Student: 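Below: one structure in structure tokens.
All values derive from a computational prediction rather than experimental measurement. Lettering follows sequence order; numbering is per chain, from 1.
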Amino acid sequence: MAYWLFKSEPSTWSFAQQVACGTKGTHWNGVRNHQAANNMKAMVPGDLGFFYHSNEERAVVGLVEVIKPYYPDPSDESGRFGMVDIKALKAVPNPVTLAAIKAEPRLADMALVRQSRLSVMPVNDSHWALICKMGGVSAK
DNA sequence: GCCAACGTTGGC
DNA sequence: GCCAACGTTGGC
């Protein structure tokens, strides 16, 4: 079981919209970055992820599950990039802000902190457990 | 609104 | 193949 973090601007695609898609989920399209795409290639159904709101909010607000492995993104004319499908699992009761993550020394080496522009990134087991705890949500 | 980080493009 | 120019992202 691997863990991930999906970053989105809430004004473009929010966790509330993801929840509204229900158990069928949606495709996570629009990624045009090879590092992010490579992370998605490594995903398998059943993997879990954080849903992070960037820009105006800057917080982990929900948990999602990967439901379909990497496949081509039809919105990419170059054919170079793909996407996965995810569905919302549950909201994080106490959203974990970027400020809180930066204030926690054990999270200092997260990709979220080190590579602010990366939109899809891996999360290791201990980081996953700690952020779940900070957010007041059970890890699964 | 500004700026740093960084990926991409295009000229050479 | 190098590198300057440029565009985009995202934190502040």
Student: What do the steps show when you test Val84(A) against Asp47(A) for side-chain contact (heavy atoms from CB on, under 4.5 Å), and what is the final call?
Tutor: CA-CA 11 Å; Val84(A) 296; Asp47(A) 280 357; over 6 Å; no
Student: For Lys68(A) and Met83(A), indicate whether the former's side chain and the latter's backbone hold a donor-acceptor pair under 3.5 Å.
Tutor: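 No, the answer is negative, given that no donor and acceptor are paired below the 3.5 Å cut-off.
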Student: Please tabulate, for the side chains in residues 96-107 of chain A, all donor-acceptor contacts under 3.5 angstrom to protein atoms that are two or more places apart in sequence or on a different chain.
Tutor:
unit_1	atom_1	unit_2	atom_2	d
Thr97(A)	OG1	Ala100(A)	N	3.0
Glu104(A)	OE1	Arg106(A)	NH2	3.4
Glu104(A)	OE2	Arg106(A)	N	2.9
Glu104(A)	OE2	Arg106(A)	NE	3.1

Student: For the residue pair Trp28(A) and Phe51(A), categorise the inter-ring angle as parallel (less than 30°), tilted (30 to 60°) or perpendicular (more than 60°).
Tutor: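 Trp28(A) and Phe51(A): perpendicular rings.
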Student: Go through DNA chain B in 5' to 3' direction and return only the first and the last nucleotide with some atom under 4.0 Å of chain A's heavy atoms.
Tutor: dA5(B) to dT8(B)
Student: For residues Phe6(A) and Gly49(A), report the shortest heavy-atom separation together with the two atoms involved.
Tutor: CE1-CA, 4.2 Å
